[in-house]
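Proteins come first, then strands; the chains are lettered A, B, ... in the order of their sequence lines, and each starts at number 1.
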Amino acid sequence: MDEQTRLMHSHTGVGMAGHPGLPQHMQEGTGGTDGDGRKQDIGDILQQIMTITDQSLDEAQARKHALNCHRMKPALFNVLCEIKEKTVLSIRGAQEEEPPDPQLMRLDNMLLAEGVSGPEKGGGSAAAAAAAAASGGVGADNSAEHSDYRAKLTQIRQIYHTELEKYEQACNEFTTHVMNLLREQSRTRPISPKEIERMVNIIHRKFSSIQMQLKQSTCEAVMILRSRFLDARRKRRNFNKQATEILNEYFYSHLSNPYPSEEAKEELAKKCAITVAQVSNWFGNKRIRYKKNIGKFQEEANMYAARTAVNAANASSHGSQANSPSTPNSAGSSCTRDMPITW
DNA sequence: TGCTATGATTCAAG
DNA sequence: CTTGAATCATAGCA
């Protein structure tokens, strides 16, 4: 008993030293023999609290009940809450209200830009279009890859939202649980609403750090998907034979000036079911490769020249000479062997 | 598996 | 912007 009284004394002494807001009578020790009823009350309560752990469970329950019903209990709890509040605040006062994490903001922005966390419709295709636009034109035959990309993005999006929801739900459940627990405990130990609020904040911060991990891995997944998509675009796929023939036909029948106008490119693109950019690529490659090694292309050149000649002949024999697409100068002759390059 | 053909990309020049 | 030139990376073939 003496020991506990001493402990109690030192407890209150330490806790209240220099505390300006404390009632004077609480700073004067306990268990005095004077007749002050309130002081006696406080002493009783504190003593009961200190001895409660030494008691049997039943006894403790009964004590607890008695304490809860004690008329001085609310006042004592208020004071203890106040002390706690002051000490806790002094320990970690300023670190509340931290600014928004820049990394989190970056992740959020990226998820929004990729259409993962934004509004439901259109986000995926917008991102696909952005990814495509990042490296030149998009062929019509890329649509399969597009939809694949979109499907995968949707998948990522769904997983992200499911997980996010799960975390939020877990967070809410846990918060409610902790709040209930604290409220329950606030009947037996001094817990102020402010403290509960602070605890809730701590929980939220923990959960948002978990969410950040989710966001981070989602971003990584999108990046990987995106790079794969761009790699897939880089994969070469030969044009079909018909398209190649159409392009070659144009090239060799315009050998003196193989620079199709924008309209011609568009028409060729339409005929070959490829993009204008691909037509430009093809002509660019063709010109440079032809010029580099005319000999190698001689046979091909003759073949196409002959073919256009036959076409022209057929067309004229059928009466409609009008608009054969060919030959400013070389189509008529069946041999391009000595065609000088002027371009 | 190595080689060539070929579509795409990059970069500098105009 | 277009073009030429170099280069990359894969398709397709022997």
Side-chain angles (χ1 to χ4, degrees), chain A residues 110 113-114 124-153 220-308 311 325-331 334-343:
Chain A
M110 190 187 146
E114 292 295 333
S125 52
S135 59
V138 184
D141 54 350
N142 274 341
S143 57
E145 283 157 22
H146 263 254
S147 63
D148 196 36
Y149 178 88
R150 240 170 305 170
K152 293 246 168 67
L153 198 73
E220 276 168 25
V222 171
M223 282 325 238
I224 289 167
L225 175 66
R226 210 176 147 147
S227 70
R228 279 207 192 128
F229 174 73
L230 291 176
D231 278 354
R233 286 196 73 260
R234 198 183 167 84
K235 265 191 185 173
R236 198 176 58 73
R237 184 157 285 175
N238 288 358
F239 298 152
N240 62 40
K241 210 175 160 193
Q242 202 187 346
T244 313
E245 279 183 14
I246 291 168
L247 293 167
N248 272 317
E249 232 165 80
Y250 188 97
F251 180 78
Y252 287 111
S253 63
H254 296 74
L255 207 46
S256 63
N257 185 36
Y259 296 87
S261 64
E262 206 52 38
E263 297 86 66
K265 280 183 194 170
E266 274 169 29
E267 202 184 323
L268 286 166
K270 205 154 66 173
K271 275 195 207 163
C272 301
I274 58 178
T275 64
V276 174
Q278 283 175 305
V279 173
S280 297
N281 277 342
W282 190 92
F283 273 90
N285 285 323
K286 190 73 183 180
R287 279 191 298 266
I288 191 71
R289 283 163 186 164
Y290 178 84
K291 199 154 48 161
K292 260 186 182 170
N293 195 348
I294 296 176
K296 197 176 80 181
F297 289 93
Q298 199 59 66
E299 207 176 316
E300 189 178 72
N302 289 338
M303 191 189 86
Y304 279 101
R307 190 183 297 190
T308 40
N311 283 348
S326 56
T327 74
N329 64 16
S330 71
S334 62
C335 181
T336 57
R337 198 174 306 278
D338 298 319
M339 172 63 68
I341 294 176
T342 55
W343 31 277

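Taking 4.0 angstrom as the limit, Gln278(A) places a side-chain polar atom (N or O) nearer than this to OP1 or OP2 of dA8(B). Side-chain nitrogen and oxygen atoms of Lys265(A) include at least one within less than 4.0 Å of the OP1 or OP2 phosphate oxygen of dT3(C). Side-chain N/O atoms of Lys292(A) include none lying less than 4.0 angstrom from OP1 or OP2 on dG4(C).
Both Asn285(A) and Ser280(A) lie near DNA chain C, and the one whose nearest nucleotide falls closer to the 5' end is Ser280(A).
In this structure, the CG atom of Asn240(A) is 12 Å from the P atom of dG12(C), given to the nearest Å. Per the geometry, NZ belonging to Lys286(A) stands 11 Å off P belonging to dA5(B), to the nearest Å. Following rounding to the nearest Å, Arg237(A) (CZ) and dT9(B) (C1') show an atom-to-atom distance of 18 Å. Counting to the nearest Å, the P atom of dT6(B) and the CG atom of Asn238(A) are 8 Å from each other. Summarising the geometry, the separation between CG on Asn293(A) and C1' on dA5(C) is reported as 16 Å, rounded to the nearest angstrom. Going from atom CG of Asn248(A) over to atom C1' of dT6(B) covers 12 Å, rounded to whole Å. In this structure, Ile274(A) atom CD1 and dG7(B) atom C1' are separated by 10 Å, rounded to whole Å. Distance, Lys241(A) NZ to dA11(C) C1': 17 Å, rounded to whole Å.
Contacts of Arg289(A) with the nucleic acid, taken as non-hydrogen atoms under 4.0 Å apart, include base atoms. Here Asn281(A) lies in heavy-atom contact (under 4.0 Å) with a base. Here Lys296(A) lies in heavy-atom contact (under 4.0 Å) with sugar-phosphate atoms only.
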I would like to know whether Tyr290(A) and Leu255(A) meet side-chain contact (heavy atoms from CB on, under 4.5 Å); could you show each step before the answer? CA-CA 10 Å; Tyr290(A) 178 84; Leu255(A) 207 46; 3.4 Å; yes

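Ring centroid separation for the pair Tyr250(A) and Phe283(A) comes in under the 6.0 Å cut-off.
The two atoms that bring Thr244(A) and Tyr304(A) nearest to each other are O-OH, 4.4 Å, heavy atoms only.
The residue from Lys286(A), Met303(A), Arg307(A) that alone fulfils the side chain to side chain contact (heavy atoms under 4.5 Å, CB included) condition with Tyr252(A) is Lys286(A).
Classification of Lys271(A) and Glu249(A) as a salt-bridged pair fails, no side-chain N sitting under 4.0 Å from a carboxylate O.
The side chain of Arg287(A) has dT3(C) as its nearest neighbour among dA5(C), dT3(C), dT2(C). Closest contact between the side chain of Glu262(A) and the listed nucleotides dT2(C), dA5(C), dA11(C) involves dT2(C).
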